[in-house]
Amino acid sequence: MTETRSGYGQPKRLLATPEFNVALFALLLNFPWEFLQVPFFAEMPAMAHWDAVLFCTRATLGDVLIALVAYWVVAGVRRRRDWLRCPDALALLGFVAVGVVITIGLE
(Lines give C-alpha, C1' and ligand atoms only; values in the text may rest on other atoms or scores of the structure.)
Protein backbone atom coordinates (compact mmCIF):
# COMPACT_ATOMS: atom_id res chain seq x y z
CA MET A 1 0.00 0.00 0.00
CA THR A 2 1.12 3.50 -0.64
CA GLU A 3 1.57 5.97 2.14
CA THR A 4 -1.38 8.08 1.04
CA ARG A 5 -3.79 5.17 0.73
CA SER A 6 -2.91 3.82 4.17
CA GLY A 7 -3.71 7.17 5.77
CA TYR A 8 -0.22 8.00 7.01
CA GLY A 9 0.32 10.70 4.39
CA GLN A 10 -2.37 13.02 5.77
CA PRO A 11 -0.66 13.83 9.09
CA LYS A 12 2.66 14.40 7.32
CA ARG A 13 1.01 16.79 4.89
CA LEU A 14 -0.67 18.64 7.75
CA LEU A 15 2.63 19.01 9.61
CA ALA A 16 4.24 20.40 6.46
CA THR A 17 1.69 23.18 5.95
CA PRO A 18 2.83 26.70 6.76
CA GLU A 19 -0.37 27.31 8.73
CA PHE A 20 0.40 24.45 11.10
CA ASN A 21 3.88 25.79 11.71
CA VAL A 22 2.62 29.33 12.31
CA ALA A 23 -0.03 28.02 14.73
CA LEU A 24 2.45 25.80 16.58
CA PHE A 25 4.99 28.62 16.93
CA ALA A 26 2.29 31.03 18.13
CA LEU A 27 1.04 28.47 20.64
CA LEU A 28 4.50 27.75 22.05
CA LEU A 29 5.33 31.45 22.23
CA ASN A 30 2.06 32.77 23.66
CA PHE A 31 1.14 30.07 26.18
CA PRO A 32 4.02 30.86 28.55
CA TRP A 33 3.58 34.58 27.84
CA GLU A 34 -0.02 34.46 29.10
CA PHE A 35 1.08 32.85 32.36
CA LEU A 36 3.88 35.37 32.83
CA GLN A 37 1.27 38.14 32.78
CA VAL A 38 -0.83 36.65 35.60
CA PRO A 39 0.69 38.79 38.39
CA PHE A 40 -0.28 41.97 36.54
CA PHE A 41 -4.02 41.25 36.69
CA ALA A 42 -5.64 41.89 40.07
CA GLU A 43 -8.24 39.12 39.87
CA MET A 44 -6.02 36.41 38.36
CA PRO A 45 -4.03 35.41 41.48
CA ALA A 46 -7.31 35.02 43.36
CA MET A 47 -8.90 32.75 40.71
CA ALA A 48 -9.14 29.01 41.18
CA HIS A 49 -6.15 27.30 39.56
CA TRP A 50 -7.99 25.59 36.71
CA ASP A 51 -10.09 28.68 36.02
CA ALA A 52 -6.89 30.68 35.57
CA VAL A 53 -5.40 27.96 33.36
CA LEU A 54 -8.54 27.93 31.22
CA PHE A 55 -8.48 31.73 31.00
CA CYS A 56 -4.84 31.71 29.83
CA THR A 57 -5.53 28.87 27.39
CA ARG A 58 -8.39 30.79 25.79
CA ALA A 59 -6.20 33.88 25.49
CA THR A 60 -3.48 31.77 23.88
CA LEU A 61 -5.89 30.29 21.35
CA GLY A 62 -7.01 33.81 20.50
CA ASP A 63 -3.38 34.78 19.92
CA VAL A 64 -2.91 31.74 17.68
CA LEU A 65 -5.94 32.80 15.65
CA ILE A 66 -4.55 36.35 15.35
CA ALA A 67 -1.24 34.96 14.06
CA LEU A 68 -3.05 32.76 11.53
CA VAL A 69 -5.19 35.64 10.26
CA ALA A 70 -2.10 37.86 9.93
CA TYR A 71 -0.36 35.04 8.04
CA TRP A 72 -3.35 34.57 5.72
CA VAL A 73 -3.60 38.30 5.00
CA VAL A 74 0.03 38.41 3.89
CA ALA A 75 -0.42 35.16 1.94
CA GLY A 76 -3.43 36.67 0.20
CA VAL A 77 -1.59 39.86 -0.68
CA ARG A 78 1.43 37.85 -1.88
CA ARG A 79 -0.75 35.19 -3.49
CA ARG A 80 1.62 32.60 -2.05
CA ARG A 81 1.01 30.42 0.98
CA ASP A 82 4.71 29.62 1.25
CA TRP A 83 5.84 33.25 1.62
CA LEU A 84 7.23 32.39 5.05
CA ARG A 85 9.93 30.14 3.58
CA CYS A 86 11.74 33.17 2.16
CA PRO A 87 10.22 36.23 3.83
CA ASP A 88 11.35 39.70 2.97
CA ALA A 89 11.16 42.76 5.19
CA LEU A 90 7.90 43.97 3.66
CA ALA A 91 6.14 40.64 4.23
CA LEU A 92 7.32 40.47 7.85
CA LEU A 93 6.32 44.06 8.43
CA GLY A 94 2.88 43.32 7.00
CA PHE A 95 2.54 40.22 9.20
CA VAL A 96 3.45 42.17 12.34
CA ALA A 97 1.32 45.17 11.37
CA VAL A 98 -1.79 43.07 10.77
CA GLY A 99 -1.24 41.25 14.06
CA VAL A 100 -0.82 44.51 15.98
CA VAL A 101 -3.90 46.08 14.38
CA ILE A 102 -6.04 43.04 15.24
CA THR A 103 -4.66 42.95 18.79
CA ILE A 104 -5.32 46.65 19.35
CA GLY A 105 -8.82 46.23 17.94
CA LEU A 106 -9.60 43.35 20.28
CA GLU A 107 -7.96 44.60 23.44
Side-chain angles (χ1 to χ4, degrees):
M1 281 189 138
T2 65
E3 202 171 297
T4 305
R5 291 187 70 206
S6 66
Y8 295 116
Q10 292 292 355
K12 281 186 179 180
R13 279 197 299 248
L14 174 67
L15 295 175
T17 63
E19 290 88 353
F20 178 81
N21 289 288
V22 168
L24 181 62
F25 182 76
L27 179 79
L28 294 175
L29 182 70
N30 287 297
F31 197 61
W33 174 248
E34 293 297 337
F35 283 97
L36 289 172
Q37 295 179 68
V38 167
F40 300 112
F41 293 96
E43 65 276 352
M44 286 289 288
M47 287 177 89
H49 176 74
W50 288 112
D51 291 337
V53 170
L54 184 59
F55 186 84
C56 289
T57 302
R58 285 184 188 146
T60 299
L61 294 176
D63 293 338
V64 169
L65 187 59
I66 290 169
L68 284 172
V69 168
Y71 169 80
W72 286 325
V73 166
V74 175
V77 169
R78 292 288 169 122
R79 294 186 178 136
R80 291 183 52 208
R81 280 182 54 226
D82 67 342
W83 69 266
L84 203 51
R85 288 183 185 258
C86 265
D88 58 15
L90 191 58
L92 291 175
L93 181 65
F95 177 73
V96 171
V98 170
V100 168
V101 167
I102 293 171
T103 301
I104 289 171
L106 291 176
E107 303 219 12

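Because the structure is a prediction, the values reported are computed rather than measured.
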Practice task
Could you state whether L68 and L92 fall into the same hydrophobic cluster, counting links through intermediate Ile, Leu, Val, Met, Phe, Trp or Tyr residues with side-chain heavy atoms under 4.5 angstrom apart?
Solution key: yes
Practice task
Linking directly or through intermediates, with side-chain heavy atoms under 4.5 Å: list the remaining ILVMFWY members grouped with F40, chain and number order.
Solution key: none
Fill in the blank from the handout: So salt bridge (Lys or Arg N to Asp or Glu O under 4.0 Å) across residues 50-62, not counting sequence neighbours, yields none
Problem - Qualifying side-chain hydrogen bond (donor to acceptor under 3.5 Å, both in side chains) pairs, either residue in residues 17-27, two or more places apart - result: E19-W72, E19-R81
Handout entry: Atom of V98, atom of A70 and distance for their closest heavy-atom approach
Key = CG1-CA, 3.6 Å
Exercise for the section: Determine, using the 4.5 Å side-chain heavy-atom cutoff (strictly less than), whether L28 and F20 are members of one ILVMFWY cluster. Expected result: yes
Problem - salt bridge (Lys or Arg N to Asp or Glu O under 4.0 Å) pairs, two or more places apart, involving residues 62-80 - result: R78-D88, R80-D82
Could you pull out all donor-acceptor pairs under 3.5 Å where a side-chain atom in residues 30-38 meets a protein atom, sequence neighbours excluded?
from: N30; atom 1: ND2; to: A26; atom 2: O; distance (Å): 2.8
from: Q37; atom 1: NE2; to: W33; atom 2: O; distance (Å): 3.4

Fill in the blank from the handout: Applying side-chain contact (heavy atoms from CB on, under 4.5 Å) to L106 and not counting sequence neighbours gives I66, I102
Problem - Connected via hydrophobic side-chain network under 4.5 Å: L15 and F25 - result: no
Handout entry: same_hphob_cluster(F55, F41) at 4.5 Å side-chain heavy-atom cutoff
Key = yes
